[in-house]
Each structure stands twice: as C-alpha cells, then as structure tokens.
Number of protein chains: 2
Amino acid sequence: MRDKFEEYIISQTGMPAASVEHISSLACAKTLKRNELLVRAGEVCRNKIFVVSGLLRNYGVAANGSEHVLQFAPELSWTLDVESYDNGTPAISNIGAVEPSEVLLWAKADFDSMLQEYPLLKHFSQQVISRNIYYNRRRVMTALSASPEEKYEEFVRSFPKLLGRLPLHMIASYLGISLKTLTRLRHAQLLR
Amino acid sequence: MRDKFEEYIISQTGMPAASVEHISSLACAKTLKRNELLVRAGEVCRNKIFVVSGLLRNYGVAANGSEHVLQFAPELSWTLDVESYDNGTPAISNIGAVEPSEVLLWAKADFDSMLQEYPLLKHFSQQVISRNIYYNRRRVMTALSASPEEKYEEFVRSFPKLLGRLPLHMIASYLGISLKTLTRLRHAQLLR
DNA sequence: CAAAAACGTGGTCATTTGACCAATGTTTAC
DNA sequence: GTAAACATTGGTCAAATGACCACGTTTTTG
C-alpha cells in the first residue's frame with residue numbers, strides 16, 4: 001500500500017527514495033469499507049488524505065437532507081476539507097468511501113514540516129493546489145452556464161473512468177441536477 | 001491613488017512604509033471607463049490587478065453569448081484570471097469595469113520578485129489566495145444546492161454594499177439564474 | 001446461497017423557469 | 001440639455017425540471 005504512494009510521489013516529483021520513505025513513514029494507513037465516513041461535516045478535518053486505491057467522495061448535505069458532491073477522489077489523488085484543515089474550523093463537507101478504499105493520512109503538523117524539509121514536495125503540493133483552484137473556477141463557470149446535458153457531457157469527458165464506478169444519483173448530485181433529469185438525458189442520447 | 005493602496009497594504013500586513021512604496025512604485029496605474037475591458041477572454045492575463053476605486057467584474061461569455069460572472073471586485077480587492085496569469089495560457093474570463101474605476105497593475109515578474117523580497121507580502125498574498133479557494137468551494141456548494149431565492153439571500157448577506165451598485169442582470173448572471181427569476185423572487189419578497 | 005438493500009428506468013403531474021415582448025422610468029453620453 | 005441607451009418590471013406561454021411512486025434488476029451482505 002505504501003509502495004504505491006512512494007512510486008507515485010517519485011514519478012511526480014523526482015524525489016530520492018529515502019526522502020519519500022520518510023514521508024511515507026509519517027502517514028497513517030487506513031482501510032475504508034464502502035460508505036464508511038472518514039471526515040464528518042461539523043468536525044475538524046485534521047488530515048491530508050491520499051487515496052491509494054478505491055474511490056472517495058467529498059460532499060455536503062443540505063438542510064433538507066439532499067447531498068451535493070464537491071469532488072470525487074479516485075486512486076492516486078488527494079482530498080480534504082481545505083478550509084477546515086487550514087484553520088481548524090468545522091468542515092462543511094463529509095468525506096466518505098464510495099468503494100472499499102485504502103488511504104494514507106498525515107497530521108497537519110507533520111505534513112507542514114515535510115513541506116519545509118522537502119522543497120520538491122512543496123513545489124508539487126503547490127501544483128496540486130493550483131490545479132484545484134483552476135478546477136473549481138471552471139466548475140463555477142460550468143455550474144452557472146451549462147445546461148444539464150452539457151454538464152453531463154463535460155463530466156464524461158473529464159472523468160471517463162469514473163462513469164461505470166459511480167451510481168447515477170451521485171453523478172447527478174455532482175452535476176447539480178436531479179436523478180430524473182440525468183436519466184432522461186441519458187435516454188435521449190441513446191436514441192441518437 | 002497609490003496612497004490608498006499603500007494604506008491598505010500597511011493595514012493588512014504591517015509592512016514598513018519604505019517597502020510598501022517600493023511595491024507601489026512597480027505598479028502601473030490605470031483609469032477605466034464604465035464598461036471598459038481590462039482583460040479579454042482568449043488573451044493572456046499578464047497582471048495582478050488591484051482595484052483602488054470603482055468596481056470590476058470577472059466574467060465568462062458562453063457560446064450563445066450569455067455572460068456569467070465569476071467575481072465582483074470592488075475597491076480594495078484583487079482580481080485576475082489565475083490560470084492564465086500563472087501559466088500564460090489564454091484567459092477564460094473577461095475582466096471589465098462596471099463603474100469608472102482606478103486600478104493598479106503589476107507584471108508577473110515584478111510581483112514574483114516582490115514576493116521573494118518581502119515575506120510579509122508573501123504571507124498576505126497567500127491569505128488572499130486561501131480566501132479565494134474557500135470562497136470558490138462554497139460557491140460550488142451553493143450553486144449545486146441552493147434555490148434561486150437562497151442564492152439571492154446569500155448574495156445579499158455576503159455583499160450588501162454591492163446591491164445598489166450592480167444592475168440586476170449582472171447579479172442574475174452571478175447567481176446563475178435568469179433576470180426574470182430574480183425580479184420574480186424580489187417581488188415575492190416585497191410582499192412579505 | 002438467500003434476503004435485503006441499492007440501483008436504473010419509467011410514468012404522471014404540478015411547479016418552476018426561461019424566452020420573448022412591451023412599457024415605463026432612469027441613467028448615460030454627447 | 002437632449003437623445004439614446006439602459007434598467008426594471010410585467011405578461012404570456014412553452015418547455016424543462018423535480019417530486020413522488022412503482023417495478024424489475026443487480027449488487028451487497030451476512
């Protein structure tokens with residue numbers, strides 16, 4: 001499990017194996033069952049989360065109980081509730097497993113000191129953060145301007161590998177449309 | 001004009017006046033007429049933009065010509081097209097003046113070297129970036145989960161001072177609803 | 001392997017929303 | 001100061017959407 005992470009970091013940063021093993025050694029490994037929660041909204045998100053295998057979702061629950069997905073995090077990706085992690089405030093999102101998953105967790109203090117120690121890691125980390133900023137910006141644009149069909153097509157284009165792994169109601173709640181609308185437009189596309 | 005910026009930076013960072021004057025001296029000042037464009041989608045956004053007075057909007061134009069506002073930037077705030085600024089790629093948004101405005105512009109190279117030179121500026125800059133990340137995250141949540149009325153109420157709560165300064169169609173295009181829906185719900189609220 | 005839960009699809013219906021058009025009042029620009 | 005452009009509100013209508021319900025199938029789970 002840790003070796004997959006180490007391989008990933010080496011390929012992404014070119015860091016020496018010894019440093020990567022050090023980073024890896026500070027992580028806490030955890031196995032999640034399907035639907036198990038890792039972070040609960042309202043609590044503080046105290047860890048950086050790296051998904052080694054499986055699939056997590058980062059989602060908020062509205063007052064009326066409806067769920068809204070902020071992010072899907074498949075294997076070899078990162079997730080957390082940034083605002084909570086940075087400031088120790090209550091998280092606005094839940095983070096849970098869609099599939100049985102393996103994750104690595106770092107406490108903020110540990111991760112911060114690693115960022116100090118390894119400039120290559122810091123550089124990479126900032127890349128990840130930047131990508132996330134761009135992604136959210138584009139997502140706001142899409143949410144504002146696209147029709148349900150365009151949103152779905154963009155999702156398929158962006159995450160083709162996730163299509164078969166997610167129940168449709170989660171895709172709908174990621175796109176901000178109802179399940180009904182989603183099945184309708186899928187049906188319409190079949191007829192073309 | 002520059003003094004307003006210097007005052008702002010000193011109050012936000014506690015930097016010494018001499019450093020702030022240096023920063024200020026590297027900026028290019030510009031006056032914008034109402035509706036004048038500062039950054040055009042498709043071109044590269046080459047500057048950090050600080051709004052000294054007036055009001056800018058950062059917005060995308062969809063294929064069908066409809067406009068969608070990503071951000072309003074009133075006096076004493078920052079704006080740019082991040083992805084374009086960072087990577088030199090074409091901007092996805094236009095940035096233009098809603099009111100006659102005064103802005104300060106820094107070239108990326110200059111701003112980067114200032115970040116190196118002044119740790120307090122770097123720290124503050126990262127705060128601004130963080131706030132922006134949190135803001136976009138919340139915005140995605142709202143866009144996904146809130147009703148038009150809730151979106152409007154959240155806007156009023158978040159930016160009470162902007163209400164009277166913006167035409168309603170811009171607020172609608174910020175909220176991702178039609179002008180018609182916006183006037184409808186405002187009318188409904190009047191009756192309560 | 002069997003029972004239970006979750007999933008995808010479909011139907012109906014009421015409601016919301018947007019597109020289009022018009023009228024009036026206000027602001028801008030020359 | 002005046003003409004032109006813009007803003008706000010309103011009406012009507014068609015279309016899109018979501019809520020609710022049901023059914024058959026697949027997937028989990030014990």
Side-chain angles (χ1 to χ4, degrees), chain A residues 31-37 54-55 57 59 62-69 72 96-101 142-153 155-156 162-191, chain B residues 31-36 54-55 57 59 62-69 72 96-101 142-153 155-156 162-192:
Chain A
T31 298
L32 298 171
K33 293 182 200 144
R34 197 173 101 95
N35 290 328
E36 192 175 342
L37 275 183
L55 176 56
R57 72 200 239 257
Y59 64 100
N64 62 14
S66 62
E67 299 179 350
H68 301 279
V69 176
F72 293 115
V98 175
E99 305 171 354
S101 304
T142 306
L144 292 183
S145 67
S147 68
E149 178 158 10
E150 289 164 339
K151 290 179 192 173
Y152 178 65
E153 281 170 356
F155 178 81
V156 174
L162 293 186
L163 252 197
R165 297 167 67 181
L166 288 167
L168 290 184
H169 73 87
M170 288 191 193
I171 297 179
S173 84
Y174 175 91
L175 299 178
I177 63 181
S178 72
L179 172 59
K180 180 77 199 188
T181 301
L182 180 56
T183 57
R184 265 201 278 244
L185 70 87
R186 277 164 57 98
H187 179 73
Q189 290 189 342
L190 272 184
L191 303 182
Chain B
T31 299
L32 298 171
K33 293 183 200 147
R34 196 172 100 95
N35 291 328
E36 191 175 342
L55 177 56
R57 72 198 238 258
Y59 64 101
N64 62 13
S66 63
E67 299 180 349
H68 302 277
V69 177
F72 293 117
V98 175
E99 305 171 354
S101 305
T142 306
L144 292 183
S145 67
S147 68
E149 178 158 10
E150 289 164 340
K151 290 179 191 172
Y152 177 65
E153 281 170 355
F155 178 82
V156 174
L162 293 186
L163 253 197
R165 297 166 67 179
L166 289 167
L168 290 184
H169 72 86
M170 287 190 194
I171 297 180
S173 84
Y174 175 91
L175 299 178
I177 62 181
S178 72
L179 172 57
K180 180 78 198 187
T181 302
L182 180 55
T183 57
R184 266 200 277 243
L185 70 87
R186 294 179 98 223
H187 179 73
Q189 290 188 340
L190 274 184
L191 303 183
R192 293 201 209 126

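- For the pair A/Asn64 and B/Thr183, nearest-nucleotide mapping onto DNA chain D gives the more 5' position to B/Thr183.
- Rounded to an integer number of Å, the gap from CD of B/Glu150 to P of C/dT16 is 14 Å.
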Q.
For A/Arg57 and A/Tyr174: C-alpha separation, side-chain torsions, deciding distance, then whether side chain to side chain donor-acceptor pair (under 3.5 Å) applies.
A. CA-CA 10 Å; A/Arg57 72 200 239 257; A/Tyr174 175 91; over 6 Å; no

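- In this structure, the CD1 atom of B/Ile177 is 7 Å from the P atom of C/dG18, given to the nearest Å.
- Contact of A/Lys180 with C/dG8 (side chain to base): no donor-acceptor pair of N or O atoms is detected under 3.5 Å.
- Taking 4.5 Å as the limit, every side-chain heavy atom of A/Ile171 sits out of range of all side-chain heavy atoms of A/Leu162.
- As a whole-Å value, the separation of A/Arg34 CZ from D/dT27 P is 11 Å.
- Here the closest non-hydrogen pair linking B/Ser101 and B/Leu55 is OG-N, 3.0 Å.
- Summarising the geometry, the separation between OH on B/Tyr152 and C1' on C/dT17 is reported as 18 Å, rounded to the nearest angstrom.
- Atom NE2 in A/His169 sits roughly 17 Å away from atom C1' in D/dG18 (whole-Å rounding).
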Q: Would you please test B/Leu175 and B/Thr142 for side-chain contact (heavy atoms from CB on, under 4.5 Å) and show each step?
A: CA-CA 9 Å; B/Leu175 299 178; B/Thr142 306; over 6 Å; no

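- Proximity of A/His187 to the phosphate of C/dG10: a side-chain N or O atom is located under 4.0 Å from OP1 or OP2.
- Of the listed nucleotides (D/dT9, C/dG10, C/dT28), D/dT9 has the atom at the smallest distance from the side chain of B/Leu179.
- Counting non-hydrogen atoms under 4.0 angstrom, A/Arg184 reaches a base of the nucleic acid.
- Taking atom CG of B/Leu185 as the reference point, atom P of C/dT16 lies 12 Å away to the nearest angstrom.
- The CG-P distance, from A/Asn35 to C/dA6, rounds to 8 Å in whole Å.
- In this structure, the CD atom of B/Glu99 is 13 Å from the P atom of D/dA7, given to the nearest Å.
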